[in-house]
Amino acid sequence: MSNRLCHLQNAEKTNLQSAGVSPSVKLHISERIDKEQGGDAMAKGLERVIAVVNGKGGVGKTTITANIGGMLAASGYRVLLVDMDPQGNLAEELGFTQSEANDDGLALAQTLAFGSDPQAIEGIRENLDVLAGGPHLDMAAAGLTMKAQKDPKGAKTALAAALGQICGNYDLIFIDCPPGQETLQQAALAAARWALIPVKTDASSRKGLRDVARRLDAVVDINPDLDLLGVVLFGVNRSARRVSDSARDAIYRDLGADAPVLSTAIRHAEAAAQESRERGMLSFELEEAVLAAPKWWELRRSDTQHDGPRSKSAVGLAEDFQALGEEIINRITASEGQGSGEARTMAGGAR
């Protein structure tokens with residue numbers, strides 16, 4: 001295992017120890033009920049479901065979902081990724097678009113619309129399974145819209161009910177939310193304990209924050225445990241520090257001075273991002289391939305060609321995703337550590 005993945009694996013152990021919680025208590029904590037709001041308790045096992053959401057497209061939701069999920073899986077976590085987007089771009093990020101296993105969201109659509117058993121695609125990577133998205137989810141969105149007219153709660157909790165059947169198989173579940181399709185977004189947020197919001201530095205992408213706020217309000221009655229894990233800046237030009245600082249200030253103005261804006265930002269690295277998608281490799285996989293490639297003088301000496309990955313910026317991009325993964329794990333375990341007494345009672349059910 002690489003040093004990068006070892007750091008991720010150790011992040012949670014360190015944070016739990018500092019909170020006074022046994023490192024073996026890794027997953028389930030007691031169900032939380034917000035009595036003041038009179039909401040329902042979150043289903044047991046969904047305490048580590050993270051919805052990656054923004055009301056605007058092109059802000060890095062799918063890239064973050066794939067890379068953080070894949071890196072955590074490689075470091076030993078059992079991870080499920082759920083693609084709720086009819087565009088189905090998660091398959092491209094993970095390199096299985098042309099695979100026979102990719103059903104363009106048919107199985108997930110049937111689960112959402114008709115309540116059929118969820119069938120994840122297993123072994124996309126070691127420890128990494130996927131509920132694939134794609135154009136069939138448009139059908140599911142239409143079905144949920146019709147269902148909402150008679151059973152609003154049932155429509156909103158369709159994904160939560162499905163994940164409740166399989167969540168015990170996983171340590172973390174990430175949901176890649178569509179920028180539109182209000183019914184699909186609401187279903188994702190109703191199933192999540194945490195919302196992670198990627199934004200770019202431009203003003204238009206920050207408008208999506210207000211859309212997310214409306215979605216949160218729409219599900220808080222049935223999921224009062226839903227909380228904002230953080231806002232993460234994506235596609236940042238490292239040389240434009242003033243632009244990044246201005247964007248952070250604007251987020252604080254929109255969300256309040258105590259808004260959880262993550263310290264990690266994902267840099268703009270177009271060459272590495274493009275090569276990752278073309279090769280179906282995640283950033284840390286691309287980094288490993290680049291670092292293992294023969295040096296230019298070795299190629300010249302042996303008079304051979306090299307057609308492997310070349311994007312040197314993959315190294316810095318992988319560093320960003322590692323830092324983001326650590327920050328996500330630290331925030332979740334810090335929150336769980338606040339209920340450490342409850343957590344200890346669940347030690348027998350933890351992994």
Side-chain angles (χ1 to χ4, degrees), residues 34 37-43 45-46 49-59 61-62 65 80-91 101-121 129-167 173-195 197 207-226:
D34 192 328
Q37 298 187 42
D40 297 333
M42 168 162 282
L46 299 183
V49 178
I50 303 155
V52 186
V53 60
N54 192 311
K56 187 179 185 301
V59 295
K61 295 185 297 295
T62 302
T65 300
L80 173 67
L81 303 184
V82 183
D83 188 356
M84 288 286 280
D85 195 337
Q87 296 183 51
N89 290 333
L90 190 60
N102 182 21
D103 65 355
D104 290 325
L106 179 60
L108 181 55
Q110 292 174 336
T111 296
L112 295 172
F114 309 120
S116 60
D117 293 340
Q119 298 181 4
I121 305 171
D129 298 343
V130 177
L131 281 169
H136 289 291
L137 288 175
D138 285 324
M139 173 190 70
L144 290 177
T145 299
M146 293 180 62
K147 184 175 183 178
Q149 297 175 7
K150 296 182 178 180
D151 182 10
K153 182 178 178 180
K156 290 178 181 178
T157 58
L159 181 61
L163 294 182
Q165 300 178 49
I166 59 175
C167 60
I173 299 175
F174 290 87
I175 306 173
D176 181 21
C177 299
Q181 295 286 11
E182 181 174 354
T183 54
L184 296 179
Q185 273 198 8
Q186 288 185 358
L189 291 171
R193 171 65 178 90
W194 301 103
I197 308 177
K207 291 180 181 178
L209 289 172
R210 289 187 281 274
D211 291 332
V212 173
R214 288 194 291 271
R215 302 290 188 266
L216 294 175
D217 288 341
V219 301
V220 71
D221 59 327
I222 58 173
N223 185 11
D225 289 306
L226 178 62

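Since the model is a prediction, treat every value here as computed from it, not as a measurement.
One N or O on the side chain of K156 and one on the backbone of A218 form a donor-acceptor pair closer than 3.5 Å. When atom types are taken as modelled, the side chain of S116 and the backbone of Q110 share a donor-acceptor pair closer than 3.5 angstrom. For the pair Q186 (side chain) and R215 (backbone), a donor-acceptor distance under 3.5 Å is absent.
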Evaluate side-chain contact (heavy atoms from CB on, under 4.5 Å) for L112 paired with L137, printing each intermediate quantity in order.
-> CA-CA 9 Å; L112 295 172; L137 288 175; 4.0 Å; yes
I would like to know whether L226 and V220 meet side-chain contact (heavy atoms from CB on, under 4.5 Å); could you show each step before the answer?
-> CA-CA 7 Å; L226 178 62; V220 71; over 6 Å; no
What do the steps show when you test M84 against L108 for side-chain contact (heavy atoms from CB on, under 4.5 Å), and what is the final call?
-> CA-CA 8 Å; M84 288 286 280; L108 181 55; 4.1 Å; yes
Trace of the side-chain contact (heavy atoms from CB on, under 4.5 Å) decision for V53 with Q185 = CA-CA 8 Å; V53 60; Q185 273 198 8; 4.1 Å; yes
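In terms of heavy atoms, L159 sits closest to A187 at CB-O, 3.7 Å. Listed here is the closest heavy atom pair of A188 and C177: CB-SG, 3.5 Å. Residues C167 and L46 approach most closely at CB-CD2, 3.9 Å, considering heavy atoms. Across A195 and L189, no two heavy atoms sit closer than the pair CB-CD2, 4.3 Å. Closest non-hydrogen pair, T111 versus P118, comes out as OG1-CA, 3.6 Å. The two residues G57 and P179 make their nearest non-hydrogen contact at N-CB, 3.5 Å.
Residue Q119 holds its CD atom at 9.0 Å from CG of D103, rounded to the nearest 0.5 Å. Here the straight-line distance linking atom CG of L144 with atom OG1 of T183 works out to 5.5 Å at 0.5 Å rounding. Atom CG of N223 and atom OG1 of T157 lie 10.5 Å apart (nearest 0.5 Å).
Among L131, I50, L163, D85, the one residue that satisfies the side-chain contact (heavy atoms from CB on, under 4.5 Å) test with I175 is L163.
Side-chain atoms of Q181 and D138, non-hydrogen and from C-beta on, do get closer than 4.5 Å to each other. When side chains are defined from C-beta on, I166 does not count as touching I173, because their heavy atoms never get closer than 4.5 Å.
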